[in-house]
Amino acid sequence: MISANLSAIFYLISGILFILALRGLSSPETSRQGNLFGILGMIIAITVTFLTVGNFSTSTIYVFIFLLIGGAIGAFIAFKIPMTAMPELVAGFHSLVGLAAVFVAISAFKNPEAFNLGIPGDIKLASLIEMSIGAAVGAITFSGSIIAFLKLRGIMSGSPITFPGQHIVNLLIGISIFVLIYFLCSSQSESFFWSMIVISFLIGVLLIIPIGGADMPVVISMLNSYSGWAAAGIGFTLENTALIITGALVGSSGAILSYIMCKGMNRSFFSVILGGFGGDASVSKDKKKDQKPVKSGNAEDAAFLLKNASSVIIVPGYGMAVAQAQHALREMVDTLKKNDIKVSYAVHPVAGRMPGHMNVLLAEANVPYDEVFELDDINNDFANTDVAFVIGANDVTNPVAKTDPQSPIFGMPVLDVEKCKSVLFVKRSLSPGYAGVDNELFYRENTMMLFADAKKMTEDIVKNI
Amino acid sequence: MEIDPFIFRFSIFILAIFVGYYVVWSVTPSLHTPLMSVTNAISSVIIVGAIIAALAGSSENIFETSSIFGFLAIVLAAVNIFGGFLVTQRMLQMYKKKKKNK
């Protein structure tokens, strides 16, 4: 058993180690060490908790058993999960943090003595507010992440689900949560506590269903942020510094990522949250109007172009993840490099379904990270490049975003792919991307469409080089 | 006059938000996915609350309502802690530099 002051100092240390864990991610070199700091911080926090409670009884054994059960499941998932499924995994993990926050809040409500918060029916007002906020945000994180998970996994359609009066309904439900918290505080009645949690679960679902597939990077980052605020809320209830610091870190991290993602799409945070973007409804009505000529080619043509180029920029997108084409792509690049062709990769901030999605997939395929460039760092190079190889990306290359103020994606930063001498565009069909906007690039003189599955096409090109 | 301890905790909270703000802006965009998985893992430090709740059960009755929720929360948080850190480590192992031509 250690004193409360000593344990508070240890919690502070673990909070600092968590800061260092995030700090390490500023470069791939320091990142692995950063992760170890994070693990160390977690071990300290857990050990100190055991020592502070200090009553080693049969419960302790059960705690260890449950810890190991959860740990085994987590470790199993971590080793088995394919890198392409990372967005779903992160969404799934968010839901667990949210639900854990709800459960801890429930325990604190049922047994406040254990946390020094008063007695049942007479819980300190501040604690009651803190645990309600923790529980409500946790519940929203849980059900919202479940919906995000289902959408990312493809179990639920990625297209937005909207109904008339949706925003009003959401607003009323949102207000009712605050009303319930108010009544809970004045009456300490358990039924208000439970109804508040149920309603929070409901609003989590309602908030995420209207948001379309292409906005998933924002949703995931936003839920990441929520999971942090939920943890912070519980941290205040438990008067635990490690939890408060971590909650604040995670909360601001998720908020920054959401901001970066919104900026990558030139959309305001609110328009994403209100949802409805990227549905089938907006699919270009003028599709039939003009059947513009499209130049299409096969693997041989593509191989010929690539072989004769002196520099190539690869533009990967979500389609590459779906087709699992990253390894085939790396092979293609290796072959090109053997022919003394300079190859680099251009990654748009919102390529894929979560922040940094493409970078992880390329890293998995053993692409050195110093060949992969962000939008701002590479955009000027397209003009001096022979071939742009667009694989599975679409909206992020659409020149319409620069030229047509009417377009829904106008103003979105795009990769200047069209400035290359020629563009190879691997895609299964001419269908528009998630924004529902026709890509002008398809009809350009210097574009050659390669209609095929990304992986198969890449493999065929390798054979032909 | 004494300052409410809540204010101290609130100060820590606000300062940590600022620390988070600057630290996260310095994260390189190519590591944004590991950032999400590691923040996931560290936010599961909520397990400390779960452990307190689980251990609070009386010796005659280990599984009271509140400790049951504590045990459940331990399982959930443990999945996240192990899963989050390990998957982050797995991802970070993959980030390699170009081999220098010797």
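All values reported here derive from a predicted model rather than from experimental measurement. Naming: A, B, ... by sequence-line order, numbering from 1 per chain.
If you measure heavy-atom distances from B:Phe8 to chain A, you find no contacts under 4.5 Å at all. For B:Val27, the parts lying near chain A are the backbone and the side chain together; criterion is any non-hydrogen pair under 4.5 Å. Only the side chain of B:Ile47 comes within contact range of chain A, with at least one heavy atom under 4.5 Å from a heavy atom of that chain.
Judged by distance alone, the side chains of B:Ser37 and B:Thr88 do bring a donor and an acceptor atom under 3.5 Å apart. Counted by atom type alone, A:Thr49 and A:Tyr11 present one or more donor-acceptor pairs between their side chains at under 3.5 Å.
No other option in A:Ala78, A:Gly38, A:Gly356 has as many heavy-atom pairs under 4.5 Å with chain B as A:Ala78. When the candidates B:Leu86, B:Val45, B:Val23, B:Ile74 are compared by the number of heavy-atom contacts under 4.5 Å with chain A, B:Val45 comes out ahead. By number of non-hydrogen pairs under 4.5 angstrom with chain A, the leading residue of B:Thr65, B:Val38, B:Thr28 is B:Thr28. Interface summary for chain A: among B:Ile46, B:Asn40, B:Val19, the most heavy-atom pairs under 4.5 angstrom belong to B:Asn40. Listed options B:Leu31, B:Ile12, B:Leu15 were ranked by heavy-atom pairs under 4.5 angstrom with chain A; first place goes to B:Leu31.
Classification of B:Arg9 and A:Glu130 as a salt-bridged pair fails, no side-chain N sitting under 4.0 Å from a carboxylate O.
Within a 6.0 Å radius of CZ in A:Phe236, more than 12 heavy atoms belonging to other residues, nucleotides or ligands are found. The number of heavy atoms from other shown groups lying within 6.0 Å of CZ (A:Phe76) does not exceed 12.
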